[in-house]
Amino acid sequence: MQMPAPIRAPTFLSRRRLFEQKLSDLHKCTDLNQLKQLHALIYKSNLHNHPFVAPKLVSALSLCRQMALAVNVFDQVEEPNSHLWNTLIKAYVQNSRPDKAFEVFCEMRCSGVSPDNYTYLFLLKACSGLKSIKMIHAHVEKCNFYSDLFVPNSLIDAYSKCGLTGLEESKTLFGVMSERDLVTYNSMISGLVKAGELKEARKLFDEMPERDRVSWNAILDGYVKAGEMRTAYQIFEKMPSRDVVSWSTVISGYAKAGDIDMAKVLFDSMPAKNLVTWTIMISSYAEKGNGKEAVGLYHRMEGEKLRPDDTSFVSILSASAESGLLGLGKKVHQSITKTSYKCSTLVNNALVDMYCKCGSLNRAWSIFNSIERKDLISWNAMIHGLAMHGHGKNALQLFDRMKREGFEPDKVTFVAVLSACSHSGLVKDGIHHFYSMESDYEIAPEIEHYGCMIDLLGRGGCLNEAFGLLHSMPFEPNVVIWSSLLGACRMHNAVELANEVLDQLVKLDPENARNYSMMSNIHANAGDWGSVASVRSRMKETGGERANKGVSSIELHDEFHEFTVMDTTHPKSDSIYETVDGLSQHLRKIACVPNVVV
DNA sequence: TTAGGGTTAG
């Protein structure tokens, strides 16, 4: 007869094994509570000095955005090795603190530990401008760090992400490299694709000695970005093997080209989807305003136990904001708060923007106030949100608070500030801020700023000043500017000026029926019915009437209702029109004359 | 190390 197995020993062993297993996966742990328990156990077992455990712990803490704790772990290690230094640099890069990453790099060199391939790789990821890349480039050249292709390849990649000047630098580096491998070619091709230089990318792709899936994916992405979906699909079919990246690339291509049905067919037929694929599909539906599909897919993704990351949240939130899908935005917000996910500034900014654009200023405001580390984008989004909703004075107050708290406004801030002034009729403030841009902050006004000013002056009835500014600006006026002037002309019954403006608008945007209907409104207001008729016939001649009709949509309990002009297709059409009539009667009573499309 | 999804401006 066999003896029963002893109970205590295996329990002890399995606990230990469990701990070991958890330690080996420690750097992937994203559950903050579990991580804190492990953290305590590690210290209790005196493992925090261990050369493998410490970097893993720092990585995990960085993933959970616990940088203070991560630094604390680092500080307790008596002699940090290069692996641990690199991990801390990487952690700062991941937590959007490139400045800190560079600080750690300096400390690392002072402490006598030599940087290695990974040090430079992480630092290059932290670089946001050419200047810092060039600094590292010079540094590795001085140390003769060209023993293998790792660093030069990373340099090509980093340069390629820095606009056209950066691309030139990477081309030069690519040209002088005596030896190149697959990664060198792939990095160069993806750089060219990003800059829109598809022909050159294709040339390299054709001449490279061997290709792997990354090369194929990069050139596929090139055709997708160029909108050449036929060629892209041919490449997709021709490639020797496809992975989730290839599928995601074509799916996003079809969605961006407007063929969301084709995107969905591919999405449904692909073998294995990941977070990126789901994100592309959900945000594509949301961008199209199809909240129902987007919300449905979002639920399905959650059912697959996929945990969205920052990019995923931001992508879906920005698509919700674009189409005003408050329902989807709220769902995303709920799932962020449900998990113990500590929200990054990036995601918070996207939430603020979404709530502003979906009309929920209160929610936006409370999130804005809860952001621990606000950045310029947080301020810009909130100021712009207040401006959009006509809270001009509050927007200007927030602008002042932002400056008091030490933030330097940028050109986007001024678009928000000037539009706050124009939407609230604050002409004096607007003029003051417009001139202070250049004198106080050395920001040259761009066409958007002139646009806000012309809108501001026009709305305020200073039509001559608006025209004066238009003629003095160093840009050709665009459709936005002419349209805002046409609006101003209507507001102030300036028929002659409006005719001039319409001529300009028709040149730039002949297909747009809105210009003609605005013009015919102006004539109708003046009681000039003959001109109304002539504008109508002009519209027919130029084909303006064929232009797409505007569609309004409203979201109610995850259902979307669309309306066009004179639309009677909605099942509750009668009661909707009854309410609209009631509203306009009420407006007339309180002496507001609504604009009626003639 | 390379490829796919990304926050502020009309």
Side-chain angles (χ1 to χ4, degrees), chain A residues 96 117-118 120-122 124-125 148-158 160 181-191 193-194 212-222 224-225 239 242-253 255-256 273-284 287 308-319 321-322 344-354 356-357 371 375-385 387-388 409-419 422 446-449 451-452 455 478-481 483-484:
Chain A
S96 319
N117 279 343
Y118 286 98
Y120 291 117
L121 174 75
F122 298 141
L124 283 168
K125 289 218 187 282
D148 61 27
L149 289 169
F150 195 99
V151 172
N153 286 348
S154 308
L155 273 168
I156 288 186
D157 188 49
S160 305
D181 64 4
L182 245 174
V183 176
T184 323
Y185 275 98
N186 289 346
S187 303
M188 197 62 239
I189 290 175
S190 80
V193 162
K194 267 191 201 98
D212 65 356
R213 209 154 44 200
V214 175
S215 337
W216 282 93
N217 284 339
I219 201 71
L220 174 68
D221 184 41
V224 161
K225 283 212 167 75
M239 53 198 294
R242 302 175 196 113
D243 61 3
V244 63
V245 176
S246 337
W247 285 89
S248 304
T249 308
V250 264
I251 288 174
S252 114
K256 286 220 174 80
K273 312 169 201 357
N274 67 7
L275 181 61
V276 177
T277 335
W278 283 96
T279 308
I280 291 170
M281 210 57 231
I282 295 167
S283 14
S284 300
E287 259 163 45
D309 58 6
D310 274 16
T311 312
S312 181
F313 281 134
V314 168
S315 178
I316 299 171
L317 284 172
S318 86
E322 195 74 21
S344 67
T345 302
L346 202 88
V347 175
N348 272 319
N349 291 347
L351 279 170
V352 169
D353 181 52
M354 183 276 294
C356 283
K357 288 197 175 136
I371 305 177
D375 62 10
L376 191 56
I377 292 175
S378 328
W379 292 95
N380 288 352
M382 197 62 233
I383 294 172
H384 183 245
M388 268 194 291
D410 69 352
K411 56 184 184 179
V412 182
T413 322
F414 277 103
V415 175
V417 167
L418 296 178
S419 75
S422 92
E446 290 181 10
I447 192 152
E448 288 88 350
H449 304 104
C452 291
D455 192 51
N478 58 18
V479 179
V480 179
I481 289 182
S483 307
S484 88

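Quick note on labels: first sequence line is chain A, next is B, and so on, each numbered from 1. For the numbers below, each heavy atom of this structure counts, side chains included, while hydrogens, waters and symmetry mates do not.
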Who passes salt bridge (Lys or Arg N to Asp or Glu O under 4.0 Å) against [X], sequence neighbours left out?
X: A/Lys225; value: A/Asp221
X: A/Arg213; value: A/Asp243
X: A/Glu446; value: A/Lys411

May I ask you to say what [X] touches in the nucleic acid, namely base, sugar-phosphate or nothing, with a heavy-atom cut-off under 4.0 Å?
X: A/Asp243; result: base
X: A/Thr311; result: base
X: A/Ser419; result: sugar-phosphate
X: A/Asn274; result: base
X: A/Val314; result: sugar-phosphate
X: A/Ile280; result: sugar-phosphate
X: A/Leu275; result: base
X: A/Ser315; result: sugar-phosphate
X: A/Asn153; result: base
X: A/Lys225; result: sugar-phosphate

Note to self: Reading DNA chain B in the 5' to 3' direction, which nucleotide is the first one with an atom under 4.0 Å from a heavy atom of chain A, and which is the last?
What the structure shows: B/dT1 to B/dG10
Donor-acceptor pairs under 3.5 Å, side chain of residues 311-319 of chain A to any protein atom, not counting sequence neighbours: which ones?
{"from": "A/Ser312", "atom 1": "OG", "to": "A/Thr279", "atom 2": "OG1", "distance (Å)": "2.9"}
{"from": "A/Ser315", "atom 1": "OG", "to": "A/Ser283", "atom 2": "OG", "distance (Å)": "3.1"}
{"from": "A/Ser318", "atom 1": "OG", "to": "A/Ser315", "atom 2": "O", "distance (Å)": "3.4"}

Margin query: Suppose we screen for side chain to side chain donor-acceptor pair (under 3.5 Å). Which residues come up paired with A/Ser484, at least two apart in sequence or across chains?
Written below: none
Next item on the list: Would you check if the side chain of A/Asn349 reaches a backbone N or O of A/Val352 as a donor-acceptor pair within less than 3.5 Å?
Entry: no
